[in-house]
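Report on the following structure.
None of these values were measured; they are calculated from a predicted model.
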Amino acid sequence: MIILAPYYKDILPANEGSEVQEMSKIFDYKQDLTRFYNSFQNENSHNKFVVCTDTKTNLQFKNIFRSKVDGLNLMESFCISNLDFVKQHDAKIILCGADHLVNGKLDNLFLEDDF
């Protein structure tokens with residue numbers, strides 16, 4: 001089994017004016033996360049989709065992994081959450097952001113023994 005683990009975190013108003021905050025005004029990352037999940041389900045329902053986030057973000061997904069990264073900026077949160085996730089899961093893992101789509105079987109990424 002492969003675990004696809006995108007990271008998403010609500011951007012706080014305290015970050016007003018930051019590049020991340022400005023980008024989130026024109027691109028809905030939370031909505032894109034749902035599109036990401038739907039594209040994953042097309043050919044990968046036998047694998048697992050786990051959204052990584054902080055302890056405060058409200059998400060409507062079945063599998064959510066929460067890290068204590070509240071108050072950290074987005075990139076610090078992303079890195080620490082990914083590290084926490086890898087430490088707690090012994091599996092084939094794909095770590096990424098929320099703004100992706102899956103256009104095929106993820107199993108193909110792990111066909112080589114020495115990947």
Side-chain angles (χ1 to χ4, degrees):
M1 176 181 60
I2 296 169
I3 302 173
L4 180 59
Y7 185 81
Y8 173 84
K9 172 181 167 175
D10 285 335
I11 303 301
L12 302 175
N15 295 319
E16 193 67 39
S18 72
E19 185 176 338
V20 173
Q21 180 71 21
E22 293 304 309
M23 191 64 181
S24 67
K25 289 178 182 176
I26 59 174
F27 189 83
D28 188 341
Y29 289 95
K30 192 176 240 182
Q31 182 181 17
D32 198 50
L33 186 59
T34 300
R35 289 185 189 114
F36 190 7
Y37 174 76
N38 291 338
S39 71
F40 166 83
Q41 283 296 109
N42 287 336
E43 294 190 56
N44 295 283
S45 59
H46 61 287
N47 289 314
K48 192 171 183 179
F49 190 91
V50 179
V51 180
C52 300
T53 191
D54 61 2
T55 64
K56 296 181 180 183
T57 298
N58 183 23
L59 294 167
Q60 302 299 315
F61 289 91
K62 179 181 176 184
N63 299 305
I64 298 175
F65 178 84
R66 296 192 182 273
S67 293
K68 294 180 182 177
V69 293
D70 306 338
L72 300 178
N73 73 40
L74 184 61
M75 290 312 296
E76 288 174 315
S77 299
F78 185 86
C79 293
I80 291 170
S81 177
N82 282 349
L83 181 60
D84 289 348
F85 192 86
V86 169
K87 284 181 177 178
Q88 295 182 37
H89 294 84
D90 184 21
K92 296 174 182 174
I93 302 170
I94 300 172
L95 301 168
C96 55
D99 57 344
H100 300 278
L101 295 173
V102 179
N103 66 358
K105 294 183 180 190
L106 296 177
D107 303 272
N108 295 337
L109 296 173
F110 293 94
L111 291 177
E112 295 182 29
D113 292 333
D114 62 350
F115 175 77

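Every residue was checked against the salt bridge (charged side-chain N to carboxylate O under 4.0 Å, His left out) condition with K92, not counting sequence neighbours, and none meets it. For L83, the side chain to side chain contact (heavy atoms under 4.5 Å, CB included) partners are K87, not counting sequence neighbours.
Closest of all the heavy-atom pairs between T57 and D10 is OG1-N, 3.1 Å. Here the shortest heavy-atom pairing between L106 and N44 reads N-OD1, 2.8 Å. In this structure, S39 and V102 approach most closely via the heavy-atom pair OG-N, 2.8 Å. When all heavy atoms are compared, the tightest approach of L72 to K9 is O-NZ, 2.5 Å. C52 approaches S81 most closely through the heavy-atom pair CB-OG, 3.5 Å. Residue K48 comes nearest to M1 through the heavy atom pair CB-SD, 3.8 Å, listed as atom of the first residue, atom of the second, then distance.
Interatomic distance, F110 CZ to I93 CD1, rounded to the nearest 0.5 Å: 8.5 Å. To the nearest 0.5 Å, atom CD1 of residue I64 and atom OG1 of residue T55 are 12.0 Å apart. Rounding to the nearest 0.5 Å gives a distance of 14.0 Å between NZ of K30 and CZ of R35. In this structure, the separation between CZ on F65 and CD on Q88 is 4.0 Å, given to the nearest 0.5 Å.
Atom CZ of F85 sits in a crowded spot, with more than 12 heavy atoms from other residues, nucleotides or ligands closer than 6.0 Å. Sparse packing is recorded around CG of D90, with 12 or fewer heavy atoms of other residues, nucleotides or ligands lying under 6.0 Å away.
Counting heavy atoms from C-beta outward, Y7 and L95 have side chains that stay 4.5 Å or more apart. The shortest distance between side-chain heavy atoms of N38 and T34 falls below 4.5 Å.
Cluster annotation: V50 is not connected to I94 through the hydrophobic network of ILVMFWY side chains, with a link wherever side-chain heavy atoms come within less than 4.5 Å. Linking Ile, Leu, Val, Met, Phe, Trp and Tyr residues whenever their side-chain heavy atoms come within less than 4.5 Å places L4 and L109 in a single cluster.
Not one N or O on the side chain of N47 forms a donor-acceptor pair closer than 3.5 Å with the backbone of D107.
Each of I2, L33, I3 was evaluated against F49; a single residue qualifies, L33, per the side-chain contact (heavy atoms from CB on, under 4.5 Å) test. Between F61 and the options F36, Y37, F40, Y8, a ring pair (Phe, Tyr, Trp, His ring centres under 6.0 Å) holds for only Y37.
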